[in-house]
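Report on one structure; see the data block that follows.
Order of the sequence lines fixes the chain letters, A, B, ..., with proteins taken first and strands second; residue numbering starts at 1 for each chain.
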Amino acid sequence: MTRKLLVTSALPYANGPIHIGHLVEYLQTDIWVRFQKAVGNECRYFCADDTHGTPIMIRAKAEEITPEALIDRVHSEHYGDFTGFGIEFDNYYTTHSEENRKFSEMIYTRASEAGVITKKKIQQAYDEQEKMWLPDRYIQGTCPRCKAADQYGDSCDSCGAHYQTTELIDPVSTVSGNPPILRESTHYFFQLSQYEDALKELFKAGYIQDSVQNKLDEWFDVGLKDWDISRDGPYFGFKIPDTEDKYFYVWLDAPIGYMASIKNYCDKNGLDFEDLWNGDEYEIYHFIGKDIMYFHALFWPAVLMSANLRMPNKLFVHGFLTVNGQKMSKSKGTFIKASTYLKHLDPQYLRYYYASKLTSGVGDIDLSIEDFINRVNSDLVGKLANLASRSGPMLTKKLDGMLGTLDAEGRKLVDALIAAKDEIADCYENLNYAAAIRKISALADVCNKYVEEHQPWTTIKTDSEGTRTTLTAILNAVKVLTIYLKPVLPEFAVKIEQFLAVDPLAFADVDTVLENHKINKFVRLIERIEKEKVEAMVEESKEQTAPQQATQITLNEPLAAECEFDDFMKVDMRVAKIANASAVEGADKLLQLELDIGGVTKNVFAGISKAYKPEDLAGRLVLCVANLKPRKMRFGISEPPDKRRFCNEKNNRRNRAAG
RNA sequence: GGCGGCGUAGCUCAGUUGGUUAGAGCAUGGGAUUCAUAAGCCCAGGGUCAGUGGUUCGAAUCCACUCGCCGCUACCA
């Protein structure tokens, strides 16, 4: 039975470039869509740029262009990046479209009629000079708890405190540099709590993965709050009907962009949108990252309910990407943009590697650079590509490129591969790509053993027809493996199709056998990853962060003379927390520090008062040599050394995957 | 603090409803080969399944607690 499927990935925000973290989602989705198409389902893949909101406005202003010009440019950049990675949308649209405006207005109007929109007066920061309202992120000031400077309006990166913007000390607008004022305004709210029971029913019916359910239960326990869906102008977005100066909050119209993209596609292709979106013929699936679960598991279905529209069938949630076990980092060069990757490496490597790690779970997946190189080179190149390479050329060079027929043994080999069909299909269907790849890799092992046992390079000298039979089995095996891999490696598959001189392979073609068939000259399928290219990519991704105190101190000082390992072993270095810091009366450069090295407190004098204020130091972490002999100084005893290095406070801002 | 997730070989990860001696790939060591993209094949070493205590005839798997790492905590996007 042919299923009809509509599939979406989260809409990337038009505020920045696509990076390898985003690609987890788009590749996961693309592989699923390609699989569905390969098994003969009618499947369409939709996406769009998410284009509204304050960050877009501010970014455009900074670049001295209009928001429209910005989002047009970013749209083509995003689309180019996706295309470069073989991600094939049926439509890649934009939320800044008439379709989206109409749907947003329609849904809002219906929600109003349903009585779930309320108005409330709220206090919000306002920049008088720029004449704009300020989201918390655009206000900086000193943390009320730890006194760290330049913290965002909602929380402190330094000590992790959460607070109200109004509690911030000396707040300034990052847009104008002036202190914001508080102003009252009426906002529109969507009463999410009205849909609590309906949402619970939806989840019971299987809208989400089990692991996501736990998280949702947590949210239900705390209680669903009303959702602020309006923003005051100036705001780049859609004006709310029957208001003077109110706009839909970007997160309201973003998911509606799924509908707009589909509508736009329908109009271009002579299809009826109502059939696709509201009929019961089509299944709808959303792929998202776990950071935007709240929006897609709660708000989005509730909004659809309020407008009396159908529910999507399922939400597929994936985890984040880490690189070498850590968050992507600009300074380490692991914050790799899609465009940077494409300059250095073949996109198929990443498609294969992600596929080899993706499961249906919401756990994070790790891109270990070393593992990435090893895995691609040994599995993809060494086993799979090499299998074709060690059989194809022999047939074309020495046996006229003509396949023969399968003997009993060959039939057995090919049947063994075919037998895995349903299992592999299930793996793809259930998003367990890692298992599919493991299975395919194991099958490739079987094939390579087959080659080893039949030694065509020996038999070719005496028995050309027997060799033809052997190679016929191997090349049929290559064909089956290629079909299994095709959702992951479309380009690779095209090369094999050309080489085998067959029409584009579909999943059902695993059952057919190529016999007495002329093939074409073998072309190299894929190159090995060169470590140097990966290194160059990482190097190019390293962003020189603005000179900071910490890096200045370490980088500007020349290295001391080399020391022996034994000398190094004598040094007991500990991370210490500054419990207290105070100026030393009568000293020019000294600060007195109380260092907590895990229960034990050390008194230290440090000549760093030119670079640090005592009040900035409390709570910070430093590296200290804990076993340095105490030394009497003019102002007291300094226990560990008077020289130390200040650790970089770790950057807690996550690189958002989508939205 | 509350909640959630994770912790299995040097690395990256599988381990189905609890069931023999815990698996794979890579990496490492040895061997036999040479068709092939210095690939492929055979053999080997390597794990107190984070720890402790329970339930059970039987626990990597279920329960409790401890430790470690990560995330969320509804603000912004």
Nearest-neighbour nucleotide for the [X] side chain, [options] considered:
X	options	value
A:Ser368	B:rC41, B:rA77, B:rU12	B:rU12
A:Glu452	B:rC70, B:rG40, B:rU12	B:rG40
A:Trp457	B:rU34, B:rA14, B:rA77	B:rU34
A:Arg375	B:rU37, B:rU12, B:rG40	B:rU12
A:Ser378	B:rC70, B:rC26, B:rU34	B:rC26
A:Asp371	B:rA77, B:rG25, B:rU37	B:rG25
A:Pro135	B:rC76, B:rG25, B:rC35	B:rC76
A:Arg390	B:rC35, B:rA77, B:rU37	B:rC35
A:Lys327	B:rA77, B:rG71, B:rG40	B:rG71

Quick one: [X] [atom1] to [N] [atom2], roughly how many Å, whole number?
X	N	atom1	atom2	value
A:Asp228	B:rC76	CG	P	7 Å
A:Arg528	B:rG40	CZ	P	8 Å
A:Asn448	B:rC41	CG	C1'	9 Å
A:Leu358	B:rU12	CG	P	17 Å
A:Tyr353	B:rC11	OH	P	13 Å
A:Asn432	B:rU16	CG	P	12 Å
A:Gln124	B:rC76	CD	C1'	11 Å
A:Tyr354	B:rC13	OH	C1'	17 Å

Find the partner of [N]: check Watson-Crick (N1-N3 plus N6-O4 or O6-N4) and G-U wobble (N1-O2, O6-N3) distances, both under 3.5 Å, and reply none if neither fits.
N	value
B:rG19	B:rC57
B:rU52	B:rA64
B:rG1	B:rU73
B:rG45	none
B:rA39	none
B:rA9	none

Could you label the plane-to-plane angle of the [X] and [Y] rings as parallel, tilted or perpendicular, counting under 30° as parallel and over 60° as perpendicular?
X	Y	value
A:Tyr428	A:Tyr433	tilted
A:His19	A:His22	tilted
A:His286	A:Tyr258	parallel

Within 6.0 angstrom of [X] [atom1], more than 12 heavy atoms from elsewhere:
X	atom1	value
A:Lys290	NZ	yes
A:Lys397	NZ	no
A:Lys120	NZ	yes
A:Glu196	CD	yes

Counting any heavy atom closer than 4.0 Å, what does [X] reach on the DNA or RNA strands: base, sugar-phosphate only, or nothing?
X	value
A:Leu387	nothing
A:Arg524	base
A:Leu298	nothing
A:Asn15	nothing
A:Gly363	nothing
A:Asn377	nothing
A:Tyr249	base
A:Lys383	sugar-phosphate
A:Phe295	base

Would you measure the distance from the [atom1] atom in [N] across to the matching atom in [M] and give it in whole Å?
N	M	atom1	answer
B:rU61	B:rA50	P	8 Å
B:rG19	B:rA59	C1'	10 Å
B:rA24	B:rA9	P	14 Å
B:rC57	B:rG40	P	49 Å
B:rU52	B:rG18	P	23 Å
B:rU28	B:rC11	C1'	12 Å
B:rG46	B:rG23	C1'	14 Å
B:rG51	B:rC42	P	33 Å

- line: Contacts of A:Ser356 and A:Ser389 projected onto RNA chain B by closest heavy atom; the upstream (5') one is A:Ser356
First of A:Ser441 and A:Ile526 reached from the 5' end of RNA chain B, by closest nucleotide: A:Ser441
message: If I compare all heavy atoms of A:Arg468 with all of A:Thr472, which pair ends up nearest, and what's the gap?
response: O-OG1, 2.6 Å
field: Where A:Gly257 and A:Thr95 come nearest, the two heavy atoms and their spacing
entry: CA-CG2, 4.1 Å
message: If you take the centroid of each ring, where Trp contributes its six-membered ring, are A:His96 and A:Phe236 closer together than 6.0 Å?
response: yes
- prompt: Is the distance between the ring centroids of A:Trp251 and A:Phe299 less than 6.0 Å?
  reply: no
message: Regarding B:rA27, can its base be found pairing with the side chain of A:Asn374 as donor and acceptor, where the two atoms are less than 3.5 Å apart?
response: no
- request: Respond yes when some side-chain nitrogen or oxygen of A:Arg231 is under 4.0 Å from OP1 or OP2 of B:rC76, and no when none is.
  value: yes
- request: Would you please confirm or rule out a distance under 4.0 Å between OP1 or OP2 of B:rC13 and any side-chain N or O of A:Lys357?
  value: yes
Give every pair of a protein N or O atom and an N or O atom of nucleotides 42-46 of chain B that lie under 3.5 Å apart, one pair per line with the distance.
| from | atom 1 | to | atom 2 | distance (Å) |
| --- | --- | --- | --- | --- |
| B:rC42 | OP1 | A:Lys449 | NZ | 3.4 |

- prompt: Does NZ or CZ of A:Arg231 come closer than 6.0 Å to the centre of the six-membered ring of A:Tyr247, within 45° of the ring's axis?
  reply: no
